[in-house]
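Report on the following structure.
Hydrogens, waters and symmetry mates are skipped; everything else that's a heavy atom, side chains included, is used.
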Amino acid sequence: MSRDLINRICATLPGAEKSDPWGDGHDAWKVGGKMFACIGAANTGVSLKTPAIETAQMLIDAGVGIKAPYFHRSWIHLPFDCEESELRFRIIASYDLIRAGLTKKLQATLPARQN
């Protein structure tokens with residue numbers, strides 16, 4: 001897994017936009033203005049939203065990732081040596097979770113995501 005692969009996956013998601021809100025080389029991916037993925041300047045992996053603190057803790061306990069530094073406990077940090085299939089699944093799940101939390105009006109302006 002690499003920064004380029006993560007960015008390519010995120011770029012395929014409808015309405016996804018990349019920014020560097022803190023400067024110093026962060027890749028923050030957002031949909032509807034809400035972040036769903038972030039690669040930090042330290043370049044160690046990607047931080048992603050999970051549905052709940054318990055979900056993030058389960059993934060940490062299973063060895064999938066670690067607590068995402070600087071993020072709420074419902075976020076997890078997947079290291080660059082994570083399996084690509086796990087990475088894709090978690091990015092899409094994070095995107096879907098954030099997108100579902102947007103207002104219905106904003107959701108209606110976004111193209112449908114292909115499964």
Counterpart residues, side-chain contact (heavy atoms from CB on, under 4.5 Å), relative to L110 (two or more places apart): V31, R99, L102
Test item: I6 and D27 side chains (from C-beta on) under 4.5 Å apart, heavy atoms: no
Spatial distance of atom CD1 (I92) from atom CG (L97) [nearest 0.5 Å]: 13.5 Å
Non-hydrogen side-chain atoms of T50 and M58 separated by less than 4.5 Å: no
Shared hydrophobic cluster for F36 and L5 (ILVMFWY, side-chain gaps under 4.5 Å): yes
Linked, directly or transitively: F89 and L59 (ILVMFWY side chains, under 4.5 Å): no
Sequence neighbours excluded and cut-off under 3.5 Å, please list the side-chain donor-acceptor pairs for residues 9-17, or say none.
| from | atom 1 | to | atom 2 | distance (Å) |
| --- | --- | --- | --- | --- |
| T12 | OG1 | I9 | O | 2.6 |

With sequence neighbours excluded, residues passing side-chain contact (heavy atoms from CB on, under 4.5 Å) with A42: T44
Residues that, via side-chain heavy atoms closer than 4.5 angstrom, fall in one hydrophobic cluster with M35: W22, F71, W75
Listed partners of D20 passing side-chain contact (heavy atoms from CB on, under 4.5 Å), at least two apart: H26
Heavy-atom check, side chain of W29 versus side chain of N7, under 4.5 Å: yes
Student check: side-chain heavy atoms of R88 and E84 closer than 4.5 Å: yes
Heavy-atom pair of closest approach, residues F80 and R3: CE2-N, 3.7 Å
Exercise: identify the closest heavy-atom pair between S19 and K30: OG-CE, 3.9 Å
Separation of C38 SG from H77 NE2 (nearest 0.5 Å): 9.5 Å
Min side-chain heavy-atom separation I91-L78 under 4.5 Å: no
Partners passing side-chain contact (heavy atoms from CB on, under 4.5 Å) against S85 (at least two apart in sequence or in another chain): E83
Distance (rounded to the nearest 0.5 Å) between I76 CD1 and I66 CD1: 8.5 Å
Minimum side-chain heavy-atom gap H72-I53 below 4.5 Å: yes
From OG1 (T55) to NZ (K49), nearest 0.5 Å: 9.0 Å
